[in-house]
Amino acid sequence: MIRDIQEVLFDESKIDQIVSKMAKQISEDYRAKDLLLVGILKGANVFLADLMRKIDMPVQIDFMAVSSYGMSTESSGVVRILKDLDNSVEDKHVLIVEDIVDTGLTLHYLMDNLKSRGALSITACTLLDKPDRRKVDVDIRYSGAVIPDIFIVGYGIDYAEKYRNLPYIAALKPEVYIK
Ligand code: IMP
Ligand code: MG
């Protein structure tokens, strides 16, 4: 596994710093509100687990799983819901928790979709943002770090379902995914 890694971009302590800062801001902004964190599976699961433990107020969590990539490194633009929320978002403030926003197609779809379900508000937070690759404009309230257009893995984020368990975020060697 390690031999496929080109470079570590964010190590565990840097990630901890980024997530702590985001959680602090979210806690301040939503103080005394009914906040529902919606984690987007599977990529955001590690981030959500860390983020929620640093948020200093009661929150609820729920998950959606969507697919836009298949086994490739390029978004197809077609978003499919693989797993929907367990509970209604009605009368809740929803914060969508994403691992990476790349083309923006997934988040754009999710925000539109959840808006139609009667939430009090919908905002988004992402650990990583790749603005160079944006195809649709999306409003990201909380962004952990901006990264260039490179394919990364680790801390929940995969390539072809691998590398999610790496505790750091790293760039893969191009030969791993360019065949
Ligand atoms: P978008 O719809 O193009 O914005 O894609 C968002 C999703 O694509 C993210 O939730 C990730 O799961 C996946 N993704 C985007 N960039 C990367 C990457 O560099 N590595 C792994 N997955 C990525
Ligand atoms: Mg994803």
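Just so you know, ligand 1 is whichever comes first in the structure, and atom 1 is the first atom listed for that ligand.
Of the polar atoms of Ile152, at least one N or O is found under 3.5 Å from an N or O of ligand 1, judged by distance alone.
Between the side chains of Tyr30 and Ser121, not a single donor N or O lies within less than 3.5 Å of an accepting N or O.
Atom CZ of Arg117 is surrounded by more than 12 heavy atoms from other residues, nucleotides or ligands within 6.0 Å. Residue-environment remark: NZ (Lys173) exceeds the threshold of 12 foreign heavy atoms within 6.0 Å. Counted within 6.0 Å of NZ on Lys83, heavy atoms from surrounding residues, nucleotides or ligands total more than 12; the atom is thus considered enclosed.
Atoms of ligand 1 found under 4.0 Å from any heavy atom of Thr103 (numbered from 1 in listed order, with element): 1 (P), 2 (O), 3 (O), 4 (O). Heavy-atom contacts of Ile157 reach the following atoms of ligand 1: 20 (N), 21 (C), 22 (N) (cutoff under 4.0 Å). Applying the 4.0 Å criterion to heavy atoms of Thr106 picks out, from ligand 1, the atoms 1 (P), 2 (O), 5 (O), 6 (C). Atom numbering of ligand 1 starts at 1 in the shown order; those under 4.0 Å from a heavy atom of Ile150 are 19 (O).
The residue from Lys130, Lys135, His108 that puts a heavy atom closest to atom 16 (N) of ligand 1 is Lys130. Remark: among candidates Ser67, Gly104, Gly156, Gly43, the nearest residue to atom 4 (O) of ligand 1 is Gly104, based on non-hydrogen atoms. The option from Tyr159, Tyr109, Phe151 that lies nearest to atom 21 (C) of ligand 1, judged by heavy atoms, is Phe151.
Checked against the 6.0 Å centroid threshold, Tyr159 and Phe151 count as a close aromatic pair.
The part of Asp158 lying near ligand 1 is the backbone, judged by heavy-atom distances below 4.0 Å. Contacts of Glu98 with ligand 1, taken as heavy-atom pairs under 4.0 Å, involve the side chain alone.
Under the side chain to side chain contact (heavy atoms under 4.5 Å, CB included) criterion, Asp137 pairs with no residue, sequence neighbours left out. Not counting sequence neighbours, Ser143 has no partner by the side chain to side chain donor-acceptor pair (under 3.5 Å) test.
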